[in-house]
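One structure below.
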Amino acid sequence: MSGDSKVLAAMTADGIAKQKLHVILIVDTSRSMQGERIGQVNTAIADIHKYLIDLQSENTNVDFYLSIMTFANRAEFLDGYKGVNVNDMMPPKLKAIGYSNLHCAYEELAPVLHKESNGGMMPDFGGIAPIVLLLTDGHPTKPTESQLKELKKLPWFRASLRYGIAIALDDERTMQVLTEFTDDKDCVIKCLDASTLAKIIQVIVLTASKVKSQSSAVRTNNTSKAQMMRGGKQASKQRAHIIVKQQVKVTLDEIDDWEW
């Protein structure tokens, strides 16, 4: 796609630039994730990718961008999977090996949660708060407190909708780490059976993406400049987060049989 075509594709029918909704997946690829666990993650990413393409084709206000970061001995965004429009990528096949250095993931996440003019992925003006999903099956190898403290200084991190998934474990230390990341214990999901992992990831990301894109459309159509100047923008983001969390919880609670 040429540069001019990309610009046109990012405009609404009214000639207004589309909003970008970033979905960021932070995936533990340490040795303990080998086998069924990493296979379920790969399945979930492929399904999410397909759904977001379909949702983007139906949505006149929002484009979806998917980023995938892995962490083991080190943390890195996969080549070609950092702030990429879902139409311009193919799902990866992740492999698992190494330790669980979550502190490295926090360090790698910080730079992208800055404005584009400062080298990050976030828009200079306006924008929808990103969805960030952290998946791990164990306690971090090293402390993460100092790196998380730096993350929490960033406005886009504080505004983001964050979920943590504890995979196939019920460990208090890991649950505490995920709670500190999300700032909300209700946004930490225990997945005690790896076979359900793909479904849980799909419910969270797909429900959140749909609700946030719909709320963005309402906000674009109904919010005046005066409201924005009076702090209506921040209040609107908070309301959107509440709606998303409620809908995700309802969807998860309604599922009695994960074989659907």
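The figures here come from the full heavy-atom set of this structure, side chains too, leaving out hydrogens, waters and symmetry mates.
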Quiz: residues 127-136 side-chain donor-acceptor pairs under 3.5 angstrom, not counting sequence neighbours:
| unit_1 | atom_1 | unit_2 | atom_2 | d |
| --- | --- | --- | --- | --- |
| Thr136 | OG1 | Asp28 | OD2 | 2.8 |
| Thr136 | OG1 | Gly138 | N | 3.4 |
| Thr136 | OG1 | Gly138 | O | 3.1 |

| field | Non-hydrogen atoms of Asn73 and Cys104 that approach each other most closely | value | O-SG, 4.4 Å

| said: If I compare all heavy atoms of Ser213 with all of Leu55, which pair ends up nearest, and what's the gap? | reply: OG-CD2, 4.2 Å

| request: Report the C-alpha separation of Met33 and Val41 in whole Å, then their side-chain angles, then the decisive distance to 0.1 Å, and conclude whether the side-chain contact (heavy atoms from CB on, under 4.5 Å) test is met. | output: CA-CA 10 Å; Met33 285 286 291; Val41 172; 3.9 Å; yes

| said: Taking Ile204's backbone N and O only, do any of them form a donor-acceptor pair with Thr207's side chain (distance below 3.5 Å, no angle check)? | reply: no

| said: Could you go through Lys95 and Ile38, starting from their C-alpha distance and side-chain angles, then the distance that decides it, and tell me whether this counts as side-chain contact (heavy atoms from CB on, under 4.5 Å)? | reply: CA-CA 7 Å; Lys95 298 181 179 180; Ile38 201 66; 6.0 Å; no

| note | To the nearest 0.5 Å, atom CG of Leu21 lies from atom CD of Gln56 at 10.0 Å

| said: With rounding to the nearest 0.5 angstrom, report the NZ to CZ distance, Lys82 to Phe77. | reply: 6.0 Å

| Partners of Glu116 by salt bridge (charged side-chain N to carboxylate O under 4.0 Å, His left out), sequence neighbours excluded? | Lys20

| query | What is the minimum heavy-atom distance between Asp137 and Arg37, and which atoms define it? | reply | OD2-NH1, 2.7 Å

| query | Hey, does the side chain of Asn101 reach the backbone of His103 with a donor-acceptor pair shorter than 3.5 angstrom? | reply | no

| field | Spacing of OH belonging to Tyr81 relative to CE belonging to Met69, to within rounding of 0.5 Å | value | 16.0 Å

| task | Look at the aromatic rings of Phe181 and Phe157 and report parallel, tilted or perpendicular, splitting at 30° and 60°. | result | perpendicular

| said: Nearest 0.5 Å, please: how far is CG in Leu78 from OG1 in Thr70? | reply: 5.0 Å

| task | Indicate yes or no: at least one non-hydrogen side-chain atom of Pro123 is less than 4.5 angstrom from one of Trp156. | result | yes

| field | Beyond-backbone contact of Gln19 with Asn61, side-chain heavy atoms, under 4.5 angstrom | value | no

| Under 3.5 Å donor-acceptor, Ser100 side chain and Thr141 backbone | no

| message | For the CG atom on Asp54, are there more than 12 heavy atoms of other groups (residues, nucleotides or ligands in this structure) within a distance under 6.0 Å? | response | yes

| With sequence neighbours excluded, residues passing salt bridge (charged side-chain N to carboxylate O under 4.0 Å, His left out) with Asp183 | Lys152, Arg162

| said: On a heavy-atom basis, which atom in Met89 and which in Ile68 lie closest, and how many Å separate them? | reply: CE-CD1, 4.5 Å

| Exceeds 12 heavy-atom contacts within 6.0 angstrom, atom OH of Tyr99 | no

| said: For a 4.5 angstrom cut-off between non-hydrogen side-chain atoms, does Ile53 reach Asn87? | reply: yes

| request: Heavy atoms only: give me the nearest Asn59-Lys18 pair and the separation to one decimal. | output: O-NZ, 3.4 Å

| field | Any donor-acceptor N/O pair, Asn42 side chain to Leu94 backbone, under 3.5 Å | value | yes

| field | Ile201 CD1 to Ile165 CD1 distance, which is reported to the nearest 0.5 Å | value | 5.0 Å

| said: Less than 3.5 Å apart, any donor N or O on the side chain of Glu172 or Gln176 sitting next to an acceptor on the other? | reply: no

| request: Any chance you could lay out the side-chain contact (heavy atoms from CB on, under 4.5 Å) test for Ile200 and Val203, step after step, and finish with the verdict? | output: CA-CA 5 Å; Ile200 292 175; Val203 166; 5.8 Å; no

| task | Decide whether Ile26 and Leu169 are clustered together by the hydrophobic rule: side chain heavy atoms of Ile, Leu, Val, Met, Phe, Trp, Tyr closer than 4.5 Å, transitively. | result | no

| field | Any Leu161 side-chain heavy atom under 4.5 Å of Lys245 side chain | value | yes

| Over 12 non-hydrogen atoms of neighbours within 6.0 angstrom of CZ in Arg74 | no

| task | For the pair His22 and Val112, evaluate side-chain contact (heavy atoms from CB on, under 4.5 Å) and give the outcome as yes or no after the intermediate values. | result | CA-CA 11 Å; His22 286 277; Val112 306; over 6 Å; no

| said: Is any side-chain heavy atom of Leu113 closer than 4.5 Å to one of Met122? | reply: yes

| request: Give the minimum heavy-atom separation between Lys153 and Glu150, together with the two atoms involved. | output: NZ-OE2, 2.9 Å

| query | For the side chain of Gln34 and the backbone of Ala96, is there at least one donor-acceptor N/O pair under 3.5 Å apart? | reply | yes

| query | Rounded to the nearest 0.5 Å, how far apart are CD of Gln202 and OH of Tyr51? | reply | 11.0 Å

